[in-house]
Peer 1: 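Submitted below is the structure of interest, expressed as structure tokens.
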Amino acid sequence: MIIQRAAVLRGSKAPPRPVRWRAETGGTRALGSIGGLRTKEYAVPELSVTLVTAAGAEQASVAVGTTAMDLVGGDRSVVVARINGELRDLATDLADGDTVEAVSVESPEGLAVLRHSTAHVLAQAVQDTFPEAKLGIGPPVKDGFYYDFSVEHPFTPEDLKVLEKRMQQIVKSGQRFARRVVTESEARHELAGEPFKLRLIGSEGGADVMEVGGSELTIYDNIQAKDGSTCWGDLCRGPHVPDTRYIVPNAFKLMRTAAAYWLGDQANEQLQRIYGTAWPDKEQLHAYLTFLEEAEKRDHRKLGAELDLFSFPDEIGSGLAVFHPKGGVVRRVMEDYSRKRHEEADYEFVNTPHITKGALFEKSGHLDWYAEGMYPPMQLDSDIDEDGHVRRQGVDYYLKPMNCPMHNLVFDARGRSYRELPLRLFEFGTVYRYEKSGVVQGMTRARGFTQDDAHIYCTREQMADELDKLLTFVLDLLRDYGLEDFYLELSTRDPEKSVGSDEVWVEATEVLREAAEKQGLDLVLDEGGAAFYGPKISVQAKDAIGRTWQMSTIQLDFNLPERFDLEYQAADGTRQRPVMIHRALFGSIERFFAVLLEHYAGAFPPWLAPVQVIGIPITDDHNDYLYDVAKRLKAEGIRVEVDTSDDRMQKKIRTAQKSKVPFMLIAGDEDVANGAVSFRYRDGSQRNGVPVDEAISDIVSAVRNRIQVESAPA
RNA sequence: GCCAAAUUAGCUCAGUGGUAGAGCAACCGCCUUGUAAGCGGUAGGUCGUCGGUUCAAGUCCGACAUUUGGCUCCA
């Protein structure tokens with residue numbers, strides 16, 4: 001028993017709150033101020049707890065009845081506590097032996113709690129405004145939160161404004177989030193009007209959602225600050241911020257509405273979802289909104305139209321792009337460089353048709369498990385007489401959704417020797433997939449696209465070395481296109497849904513893991529995420545504004561070699577089955593194009609830019625001079641134009657700037673007199689009076705070295 | 001595929017039942033200019049398509065197409 005100085009809330013029935021405790025090192029120290037509270041000395045039983053801070057763990061003695069808030073909640077940025085490894089409300093009473101750590105709103109967990117609490121405020125606002133709305137679930141998600149509701153009419157943008165206002169009021173009123181453990185029957189009784197919540201209570205560990213989970217059912221009541229009345233409640237496992245004032249009124253925003261299936265299952269009824277975002281302060285909200293704006297500016301669909309690169313004509317169909325001349329140049333340069341690198345890496349180039357008889361996809365199994373993703377067949381050559389009798393059986397032709405079966409036929413076109421392995425068959429193979437109408441999205445999810453596809457056939461012994469070389473090859477190539485920041489994702493076997501022996505899977509997965517680890521990049525496990533036919537590694541790349549894109553995939557396949565009965569003759573004369581590796585480094589050219597376009601915001605490095613140099617004469621008198629410069633650049637393989645339109649030169653600069661040409665070469669009387677040109681770069685910087693020879697060699701070297709050029713050299 | 005919203009000139013967008021508009025781009029002319037829009041003129045639309053309501057439809061209703069945001073899917 002020790003004597004402690006304790007603070008008592010005026011008029012409160014709450015137990016004494018100790019504000020001092022004795023640290024193990026001896027002595028006492030203040031825990032933090034509790035302003036405006038009377039203090040009084042109490043004799044209270046003590047508890048021994050471990051306080052974890054950035055500095056380390058220390059033992060402390062506190063009075064019985066001490067809450068996590070008392071111990072670690074002094075700072076408003078602390079929103080919850082981690083007690084014995086679990087996130088708990090700050091109002092939680094501590095128990096002897098607890099390990100307690102403050103969780104800041106700036107930490108990922110703290111932020112998620114803030115967002116989840118904001119979702120509760122949204123739900124309360126919705127039920128205040130639309131009393132008939134039934135509650136779905138409302139978890140935190142990346143950058144924010146959502147809450148699903150069952151309502152008769154979908155929410156409108158105007159509704160969102162009203163709801164946002166109501167949320168501000170709730171937040172400002174400072175309602176306390178109070179946790180209450182209930183029995184199942186109590187919960188059922190209280191939530192009789194909430195059919196979806198009732199279903200959650202019923203689901204036995206099936207649904208892993210914020211609402212239920214853990215050993216007990218809990219309801220969070222919202223308690224009014226002014227009179228202590230309960231104004232709203234929700235089934236929720238928590239935890240929450242202590243009260244709604246922890247939510248900053250101008251740091252959250254409702255973003256959009258959308259429909260969503262109950263528990264994400266297409267077979268379930270559809271609910272109306274409201275997405276919101278919430279942040280610790282308004283600066284972070286502002287930064288997030290700015291990021292969204294930046295992303296919108298870089299949207300490849302928008303830039304594609306603005307820069308005249310490609311379009312999706314209605315007449316052709318959804319998800320089918322045409323490349324315009326400027327986009328065609330970029331695409332060709334991308335392909336050319338990729339081809340060159342593949343040639344150097346000992347790939348062999350093959351070419352296969354876009355359509356095939358159905359028999360091929362029966363053999364590969366695609367018609368069994370991928371038919372939904374394929375365009376329906378073209379029926380050819382059937383001949384039916386007037387009586388309806390089939391005189392000649394027709395044949396179904398399909399557009400190919402994948403290249404692998406065709407490559408297998410190339411492998412199988414003659415007997416193969418172990419001496420030929422690894423055999424690497426490469427093709428820019430155009431495939432067609434009947435993506436569901438709602439999922440088509442610009443170049444990143446198209447119905448027709450070209451893969452930089454290769455299939456590598458090797459022996460099991462060669463597999464490790466081949467994968468190792470392959471990963472190095474991929475990363476090296478992606479870096480040449482200006483992507484620098486990668487991590488790898490390893491998808492492992494789903495035992496429920498896979499073919500091949502355990503032994504082969506284990507070996508292959510290990511081999512992939514080792515190859516990945518050698519690269520020294522972060523490796524994320526995607527447990528059970530592999531296709532049924534083999535484990536996979538994918539390369540995820542971060543773009544200039546920090547978004548990650550799945551780029552390359554490298555996939556082992558134990559299924560197709562079997563189905564196609566692929567064999568090679570080994571050194572000992574026996575016939576052996578090769579290991580097959582599928583790999584696409586760009587994923588698809590279209591997708592990679594889109595990623596690069598967004599990464600560079602349209603300002604491609606000179607080697608990829610559709611127009612690399614534009615000559616801008618000050619007056620018409622300088623046209624011929626620039627034509628001569630352009631001729632010399634063209635001789636070096638540079639894509640150059642001279643703007644001889646009627647516009648004034650300022651206008652030409654503006655036009656060139658908007659089309660993001662890396663080098664503007666301006667020439668007037670002074671330049672002509674000196675045999676020079678003046679550079680203007682994309683950031684507006686200048687470099688004047690550069691001798692023509694030097695200008696040409698600078699441009700040529702920037703292109704040859706594939707470097708990005710935004711501004712005048714320092 | 002499902003839910004919602006959108007679709008008007010090449011592009012961006014006005015136009016709330018009564019004679020289709022603007023800016024930019026295009027074309028023609030004038031201007032001859034030193035680092036982000038010189039001036040004037042001309043032309044350009046079956047208002048996504050089809051159907052319905054109405055004396056009258058870009059506008060109201062329905063179907064379809066396409067796009068966008070989500071859900072589901074992306075092996």
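Model, not experiment: these values are computed from the prediction. All chains are named by letter (A, B, ...) in the order of the sequence lines, taking the proteins before the strands, and each is independently numbered beginning at 1.
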Peer 1: Could you note down all residue pairs passing salt bridge (Lys or Arg N to Asp or Glu O under 4.0 Å) where residues 141-151 of chain A supplies at least one of them, sequence neighbours left out?
Peer 2: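 Passing the test, one end in residues 141-151 of chain A: A:Asp148-A:Arg273.
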Peer 1: Need one value for A:Arg273: base, sugar-phosphate or nothing, where a base atom within 4.0 Å counts as base even if backbone is also close, heavy atoms only.
Peer 2: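 The answer is sugar-phosphate, as A:Arg273 gets under 4.0 Å only of primed atoms, P, OP1 or OP2.
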Peer 1: Does B:G1 have OP1 or OP2 sitting under 4.0 Å from an N or O in the side chain of A:Ser437?
Peer 2: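 Yes, A:Ser437 has a side-chain N/O under 4.0 Å of OP1/OP2 on B:G1.
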Peer 1: Which nucleotide in the set B:G1, B:U35, B:G70 lies at the smallest distance from any side-chain heavy atom of A:Lys436?
Peer 2: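 Of B:G1, B:U35, B:G70, B:G1 is nearest to the side chain of A:Lys436.
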Peer 1: Students often get this wrong, so: under 4.0 angstrom with heavy atoms, is A:Ala260 touching a base, only sugar-phosphate, or nothing?
Peer 2: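 Here A:Ala260 touches the backbone only, sparing every base.
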Peer 1: Within the 4.0 Å heavy-atom criterion, would you say A:Gly534 contacts the bases, only the backbone, or no part of the nucleic acid?
Peer 2: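 Answer is nothing: A:Gly534 stays at 4.0 Å or more from every strand.
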Peer 1: Near RNA chain B, counting only heavy atoms under 4.0 Å, which residues of residues 657-682 of chain A show up?
Peer 2: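 Result for residues 657-682 of chain A: A:Gln657, A:Ile666, A:Gly668, A:Asp669, A:Glu670, A:Asp671, A:Ser678, A:Arg680, sorted by number.
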Peer 1: Tell me whether A:Gln540 contacts the main-chain N or O of A:Met551 through its side chain, where contact means a donor paired with an acceptor under 3.5 Å.
Peer 2: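 A pair under 3.5 Å: no.
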Peer 1: In whole angstrom, what separates A:Tyr275's OH from B:A4's C1'?
Peer 2: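 From A:Tyr275 OH to B:A4 C1': 13 Å.
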Peer 1: Between A:Arg687 and A:Tyr681, does any side-chain donor sit less than 3.5 Å from a side-chain acceptor?
Peer 2: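 Present: a donor and an acceptor within the cut-off.
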Peer 1: Would you please confirm or rule out a distance under 4.0 Å between OP1 or OP2 of B:G69 and any side-chain N or O of A:Gln441?
Peer 2: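 A:Gln441 to B:G69 OP1/OP2: side-chain N or O found under 4.0 Å.
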Peer 1: What are the two closest non-hydrogen atoms of A:Leu512 and A:Lys536, and how far apart are they?
Peer 2: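 Smallest interatomic distance, heavy atoms only, reads CD1-N, 3.7 Å.
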Peer 1: At under 4.0 Å between heavy atoms, what does A:Asp621 touch on the DNA or RNA strands: base, sugar-phosphate, or nothing?
Peer 2: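 No contact.
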Peer 1: If the threshold is 4.0 Å, N to carboxylate O, is there a salt bridge linking A:Glu296 and A:Lys302?
Peer 2: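 Salt bridge between A:Glu296 and A:Lys302, a charged N being under 4.0 Å from a carboxylate O: no.
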Peer 1: When the C1' atoms of B:C2 and B:G58 are compared, how many Å lie between them, rounded to an integer?
Peer 2: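 Those two atoms are separated by 29 Å.
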Peer 1: Set out, in order, the CA-CA distance, both residues' side-chain angles and the distance that settles side-chain hydrogen bond (donor to acceptor under 3.5 Å, both in side chains) for A:Asp671 and A:Ser678, then state yes or no.
Peer 2: CA-CA 7 Å; A:Asp671 299 287; A:Ser678 295; 2.9 Å; yes
Peer 1: At less than 3.5 Å, do the side-chain atoms of A:Arg445 and the base atoms of B:C73 form a donor-acceptor pair?
Peer 2: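 Flag set: donor-acceptor pair detected.
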Peer 1: In whole Å, what separates the C1' atom of B:G23 from that of B:G15?
Peer 2: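 Taking atom C1' in both B:G23 and B:G15, they lie 15 Å apart.
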Peer 1: Quick one: does A:Leu490's side chain get under 4.5 Å of A:Asp526's, heavy atoms only?
Peer 2: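 Not in contact.
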Peer 1: Heavy atoms from C-beta onward define the side chain here; which of B:G34, B:U67, B:C71 lies closest to that of A:Ser318?
Peer 2: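 Taking heavy atoms from C-beta onward, the closest nucleotide is B:U67.
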Peer 1: Students often get this wrong, so: under 4.0 angstrom with heavy atoms, is A:Gln686 touching a base, only sugar-phosphate, or nothing?
Peer 2: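 Answer is base: heavy atoms of A:Gln686 come under 4.0 Å of a base.
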Peer 1: Just the rounded figure in Å: distance from C1' of B:U32 to OH of A:Tyr625.
Peer 2: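 After rounding, the reported distance stands at 19 Å.
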Peer 1: Under 4.0 Å, heavy atoms only, any strand: does A:Glu306 hit a base, just the sugar-phosphate, or nothing?
Peer 2: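 Touches nothing.
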Peer 1: Please give the distance between the P atoms of B:G40 and B:C55 as a whole number of Å.
Peer 2: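 Looking at atom P only, B:G40 and B:C55 are 47 Å apart.
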Peer 1: Which nucleotide in the list B:G38, B:U32, B:U35 gets nearest to the side chain of A:Met649?
Peer 2: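 Output: B:U35.
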Peer 1: Using atom P in both nucleotides, what's the gap between B:U59 and B:G18 to the nearest angstrom?
Peer 2: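 The same atom, P, in both gives a distance of 11 Å.
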Peer 1: Is it true that, when you exclude A:Tyr434 itself, more than 12 heavy atoms of the residues, nucleotides or ligands shown sit nearer than 6.0 Å to its OH?
Peer 2: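 For A:Tyr434, atom OH is not crowded (no more than 12 foreign heavy atoms under 6.0 Å).
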Peer 1: Hey, which sits more toward the 5' end of RNA chain B by its nearest nucleotide, A:Ile653 or A:Leu320?
Peer 2: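 It is A:Ile653, whose closest nucleotide lies nearer the 5' terminus.
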Peer 1: Within the structure shown, what part of the strands sits under 4.0 Å from A:Phe155 by heavy-atom distance: base, sugar-phosphate, or nothing?
Peer 2: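 Result for A:Phe155 = nothing.
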Peer 1: May I ask you to say what A:Phe312 touches in the nucleic acid, namely base, sugar-phosphate or nothing, with a heavy-atom cut-off under 4.0 Å?
Peer 2: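 It contacts nothing in the nucleic acid.
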Peer 1: Tell me whether the OP1 or OP2 atom of B:C71 has a side-chain N or O from A:Tyr146 closer than 4.0 Å.
Peer 2: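 For A:Tyr146, the contact criterion (side-chain N or O under 4.0 Å from OP1 or OP2 of B:C71) is not met.
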Peer 1: Quick one: do A:Trp279 and A:Tyr288 satisfy ring-ring contact (aromatic ring centres under 6.0 Å, His included)? Show the steps, please.
Peer 2: CA-CA 9 Å; A:Trp279 300 85; A:Tyr288 174 65; 5.1 Å; yes
Peer 1: Is a side-chain donor-acceptor pair under 3.5 Å present for A:Thr352 with A:Lys400?
Peer 2: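 Yes, A:Thr352 and A:Lys400 have a side-chain donor paired with an acceptor closer than 3.5 Å.
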Peer 1: Atom NZ of A:Lys651 and atom P of B:U35: how far apart are they, to the nearest Å?
Peer 2: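 Going from A:Lys651 (NZ) to B:U35 (P), I get 17 Å.
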Peer 1: Given the structure, check if the side chain of A:Tyr434 and the base of B:G1 hold any donor-acceptor pair shorter than 3.5 Å.
Peer 2: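 A donor-acceptor contact between them is absent.
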Peer 1: Calculate the interatomic distance between A:Asp643 atom CG and B:A26 atom P; express it in whole Å.
Peer 2: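 A:Asp643 atom CG is separated from B:A26 atom P by 10 Å.
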Peer 1: Expressed in whole Å, how much space separates the P atoms belonging to B:A63 and B:G69?
Peer 2: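 Here B:A63 and B:G69 have their P atoms 24 Å from each other.
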Peer 1: Between B:U66, B:A25, B:C3, which one does the side chain of A:Gln270 approach most closely?
Peer 2: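 Output: B:C3.
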Peer 1: Is any side-chain N or O of A:Arg301 closer than 4.0 Å to OP1 or OP2 of B:U68?
Peer 2: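 So the side chain of A:Arg301 is within the cut-off, an N or O lying under 4.0 Å from OP1 or OP2 of B:U68.
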Peer 1: Using heavy atoms to find the nearest nucleotide of RNA chain B for A:Gly684 and A:Asp299 separately, return the residue whose nucleotide is more 5′.
Peer 2: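 Result: A:Gly684.
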Peer 1: Contact class for A:Asp314 (heavy atom, under 4.0 Å): base, sugar-phosphate, or nothing?
Peer 2: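 Sugar-phosphate, no base atom in range.
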Peer 1: Quote, to the nearest angstrom, the P distance that separates B:A5 from B:C64.
Peer 2: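 It comes out at 15 Å once rounded to the nearest Å.
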Peer 1: Output the rounded distance in Å from CD (A:Gln272) to P (B:C2).
Peer 2: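 The distance from CD of A:Gln272 to P of B:C2 comes to 15 Å, rounded to the nearest Å.
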Peer 1: Indicate yes or no: at least one non-hydrogen side-chain atom of A:Asn559 is less than 4.5 angstrom from one of A:Arg563.
Peer 2: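 Yes, side chains in contact.
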Peer 1: May I ask you to verify if any side-chain N or O of A:Arg447 is less than 4.0 angstrom from the OP1 or OP2 atom of B:C74?
Peer 2: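 Negative; the distance criterion is not met.
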Peer 1: To the side chain of A:Arg648, which of B:U32, B:G38, B:U72 is closest?
Peer 2: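 Given the options B:U32, B:G38, B:U72, the side chain of A:Arg648 is closest to B:G38.
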Peer 1: Is any side-chain nitrogen or oxygen of A:Thr619 closer than 4.0 Å to OP1 or OP2 of B:G34?
Peer 2: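 False: A:Thr619 side-chain N/O out of range (4.0 Å or more) of B:G34 OP1/OP2.
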Peer 1: Rounded to whole angstrom units, what separation is found between the CD atom of A:Gln650 and the C1' atom of B:C31?
Peer 2: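 About 13 Å, once rounded to whole Å.
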Peer 1: Rounding to an integer number of Å, can you tell me how far A:Tyr261 OH sits from B:U72 P?
Peer 2: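 Spelled out: OH on A:Tyr261 to P on B:U72 is 9 Å.
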Peer 1: So, are A:Glu510 and A:Arg513 salt-bridged, with charged N and O less than 4.0 Å apart?
Peer 2: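 Between A:Arg513 and A:Glu510 there is a salt bridge, with a charged N closer than 4.0 Å to a carboxylate O.
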Peer 1: Determine whether a donor-acceptor pair (N or O, by modelled atom type, separation under 3.5 Å) exists between the side chain of A:Ser150 and the backbone of A:Lys134.
Peer 2: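 Judged by distance alone, no pair lies under 3.5 Å.
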Peer 1: Which dot-bracket string describes RNA chain B (Watson-Crick N1-N3 plus N6-O4 or O6-N4, or G-U N1-O2 and O6-N3, all under 3.5 Å; [ ] crossing; | other strand)?
Peer 2: (((((((..((((....[..)))).(((((.......))))).....(((((..]....))))))))))))....
Peer 1: How close or far is atom C1' of B:G40 from atom CG of A:Asp646, stated in whole angstroms?
Peer 2: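 Rounding to the nearest Å, CG of A:Asp646 and C1' of B:G40 are 13 Å apart.
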Peer 1: When rounded to the nearest Å, what value does the distance between C1' atoms of B:G29 and B:U68 take?
Peer 2: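 Between the two C1' atoms, the distance is 42 Å.
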Peer 1: Rounding to the closest angstrom, what is the interatomic distance between B:C73 and B:A56 at atom P?
Peer 2: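 That atom pair is separated by 50 Å.
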